[in-house]
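Everything below concerns the one structure shown next.
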Amino acid sequence: MYRLTPFLFLAFITIACAQPSEGNGEKSFAISLASMIPLLDVEKQLIEILENYIKKLEDKVVLLKAFGDEMAEENLESLKDPEGYVSNPLNSFRLIRRLQRDWINIEAYILTHQEENEYLDAMAAHHKQMPTSIDLEDAVEGIDRLQTVYDLEIDAMANGILNGKQYKYRLSSLDRFSMGVHLYDQKRYQDALFWLYSSMLSYQDNSFNTILDFHKTKIFELYAESLLELNRPTDALIAISRAAELNIFDARLLKRKNDIEMLVKTRKLDPQENFTQRRGGEPTDFQLGCRGNFPTIPNKLYCIYNTTTTAFVRLAPFKMEFLSLDPYIALYHDVLTDREIVTLKDLVKTNLKRATVFDKYQQKNAINHERVAKISWLPDDSSNTTLGIIQKLADMTGLNTSGWEPMQIMNYGLGGHFKEHFDFFNLSETTPFTDINAQNDRLATILVYMSDVEQGGSTIFPNIRTVVSPKKGTAVVWYNLDNALNPDSRTLHAACPVLVGSKWVLTKWVNSLHQTFRKPCYR
């Protein structure tokens with residue numbers, strides 16, 4: 001596995017001072033002026049060493065000051081609108097990568113140059129609050145997911161163009177290199193080449209890359225290794241030669257260059273051998289739906305005011321829009337108020353945990369990269385607000401609230417998504433939160449959007465080619481079971497990755513046991 005291993009060294013030169021020899025006896029400088037005179041030259045050399053060290057410290061301060069000023073400028077900009085800043089996936093990725101890599105490298109830079117106990121102690125106190133390597137891995141996968149699902153051109157994306165819209169934030173050369181490292185480790189060598197090439201084009205030989213021990217040789221070297229994995233040794237030799245030219249004293253690079261030269265000379269390539277790696281192939285229905293290739297407005301359907309489900313809605317009807325009649329999918333507008341949304345967020349913010357899915361093989365909940373978000377469960381009686389929301393959902397749908405699962409609040413982050421899945425139990429790999437035997441199956445799903453999303457984050461039903469874009473306060477309701485209470489495979493659905501913005505949703509699952517007299521079975 002190719003790993004980023006930045007090590008910073010400060011060379012301290014040790015001067016060996018030649019003095020007149022007096023055999024193996026004591027030199028006794030103090031008792032002879034003649035013996036002391038050479039010491040003046042020794043002191044001169046020591047002063048030169050000290051001045052050289054001071055100069056290096058001054059240079060370090062200049063580098064750190066410039067680095068700190070740039071970091072402070074971006075931090076101040078981000079604090080003007082924290083949610084807006086992190087809602088941009090490029091910023092989210094850069095923030096996690098900076099905290100997981102750059103600040104650790106700064107610590108290493110200070111540690112290897114001089115003892116800065118106060119700084120290091122302060123850094124140690126914050127280590128538990130900083131992202132781990134797993135967080136960085138998640139961030140990299142999030143960026144890769146966005147690029148893949150939305151078919152974004154890598155260099156444009158790195159330069160802040162997301163789905164045709166230009167944003168002011170960009171990925172640095174080191175950011176792009178990190179993407180290349182990840183894809184190389186995933187054995188996706190062709191994709192790695194795109195990111196590494198973008199890293200080459202954007203690389204600048206500046207003080208920041210020096211502090212972080214990031215040199216262009218690393219890009220060329222990994223580029224060469226990726227080419228070798230794609231059976232392109234001649235191209236790999238060009239890349240590794242460029243790396244060797246940039247660092248002519250690196251014996252390891254020179255040896256690697258010689259190895260590749262020998263490979264080029266001795267290897268006989270099969271003319272039928274595939275030298276390239278196909279990227280992705282035909283887009284999936286999930287990708288097509290997320291890219292906007294499904295119709296957003298169903299044909300021959302209509303909107304009404306819902307005044308029939310309960311007596312209350314005769315006084316306060318819901319605006320209702322039919323998205324599909326078979327299977328039944330309906331959209332309700334203005335379901336949650338801004339105040340209710342703020343209250344729900346406040347109730348869960350300190351208790352959000354990484355979402356898991358039930359692994360039927362391990363028979364336990366497990367982290368699965370097909371579901372990337374954080375969730376929190378809220379009992380219906382958590383507050384007066386939650387009780388009011390439950391009653392509102394009951395009025396809206398006309399369903400009995402008995403046996404409903406607790407309210408699930410979910411927040412998606414960088415590239416957060418939920419791949420295609422069913423909500424009914426017998427085909428779903430969801431958490432066994434409800435006792436299926438006692439509650440039967442999930443008859444209906446109520447999904448309420450708690451935020452607007454600038455780009456991405458749609459809910460798609462690939463089997464019926466229907467897409468629902470998130471809109472704050474809007475709820476989408478569908479039946480997972482048919483009239484005979486059998487699973488309806490047409491309700492396969494997914495949450496598209498959030499490209500730009502923050503996505504919050506509330507989900508309630510309605511179980512079938514208590515709905516006998518509320519939902520008639522139509523023939």
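Small disclaimer: the values here were computed from a predicted structure and weren't measured.
Panel note: side chain Thr466, backbone Ile464; a donor-acceptor pair is recorded below 3.5 Å. Side-chain N or O atoms of Gln287 include one that pairs as donor or acceptor with a backbone N or O of Thr284 at under 3.5 Å. Formation of a donor-acceptor pair under 3.5 Å by the Arg176 side chain with backbone atoms of Leu171 is found in this model. Side-chain atoms of Gln408 never come within 3.5 Å of backbone atoms of Ser376 as a donor-acceptor pair (strictly under, hydrogens ignored). Without hydrogens or angle criteria, Lys218 side chain to Asp213 main chain gives a donor-acceptor distance under 3.5 Å. Not a single donor-acceptor pair under 3.5 Å links the side chain of Ser199 to the backbone N or O of Trp195. Between the side chain of Asp191 and the main chain of Phe194, no donor-acceptor pair closer than 3.5 Å is present.
Inspection of the Ser198 and Asp155 side chains reveals an N or O donor paired with an N or O acceptor under 3.5 Å. Under 3.5 Å, the side chains of Thr310 and Asp395 contain a donor-acceptor pair of N or O atoms. With hydrogens and angles left out, the side-chain atoms of His182 and Glu137 include a donor and acceptor closer than 3.5 Å.
Aromatic rings from Phe318 and Tyr305 are positioned such that their centres are separated by 6.0 Å or more. Here Tyr412 and Phe418 keep their ring centres 6.0 angstrom or further from each other. Within the 6.0 Å centre-distance limit, the rings of Phe424 and Phe422 are counted as a close aromatic pair.
Side-chain contact between Leu485 and Asp441 is absent, with no heavy-atom pair separated by less than 4.5 Å. Contact check for Trp478 versus Phe461: side-chain heavy atoms found under the 4.5 Å cut-off. Residues Thr445 and Lys508 form no side-chain contact, since every pair of their non-hydrogen atoms from C-beta on lies 4.5 Å or further apart. In this structure, Lys345 and Met450 have side chains that are in contact, with non-hydrogen atoms separated by less than 4.5 Å. For the pair His421 and Asp423, the minimum side-chain heavy-atom distance is below 4.5 Å. Here the side chains of His514 and Leu399 are not in contact, with every heavy-atom distance at 4.5 Å or above.
Ionic pairing of Glu70 and Lys65 is not present here: no N-O contact between side-chain nitrogen and carboxylate oxygen is shorter than 4.0 angstrom. Using a cutoff of 4.0 Å between basic side-chain nitrogens and carboxylate oxygens, Arg354 and Asp138 are scored as salt-bridged. Under a 4.0 Å N-O distance rule, the pair Lys168/Glu77 qualifies as a salt bridge. Between Lys503 and Asp452 no salt bridge is recorded (no basic side-chain N to carboxylate O distance below 4.0 Å).
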For this session: Would you sort out whether Phe214 and Tyr203 count as a ring-ring contact (aromatic ring centres under 6.0 Å, His included), showing the intermediate values?
Result: CA-CA 10 Å; Phe214 177 54; Tyr203 183 85; 5.5 Å; yes
For this session: Test side chain to side chain contact (heavy atoms under 4.5 Å, CB included) on Ser172 and Asp175 and set out the steps.
Result: CA-CA 5 Å; Ser172 69; Asp175 293 329; 3.1 Å; yes
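For Lys471 and Tyr449, the positive end is not near the middle of the six-membered ring at less than 6.0 Å and at most 45° from its axis. Arg442 forms a cation-pi arrangement with Trp509, by the criterion of a distance under 6.0 Å to the ring centre and an angle within 45° of the ring axis.
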Name every donor-acceptor pair, under 3.5 Å, that has one atom in a side chain of residues 328-336 and the other anywhere in the protein, sequence neighbours excluded.
| from | atom 1 | to | atom 2 | distance (Å) |
| --- | --- | --- | --- | --- |
| His333 | NE2 | Glu321 | OE1 | 2.9 |
| Asp334 | OD2 | Lys319 | NZ | 2.6 |

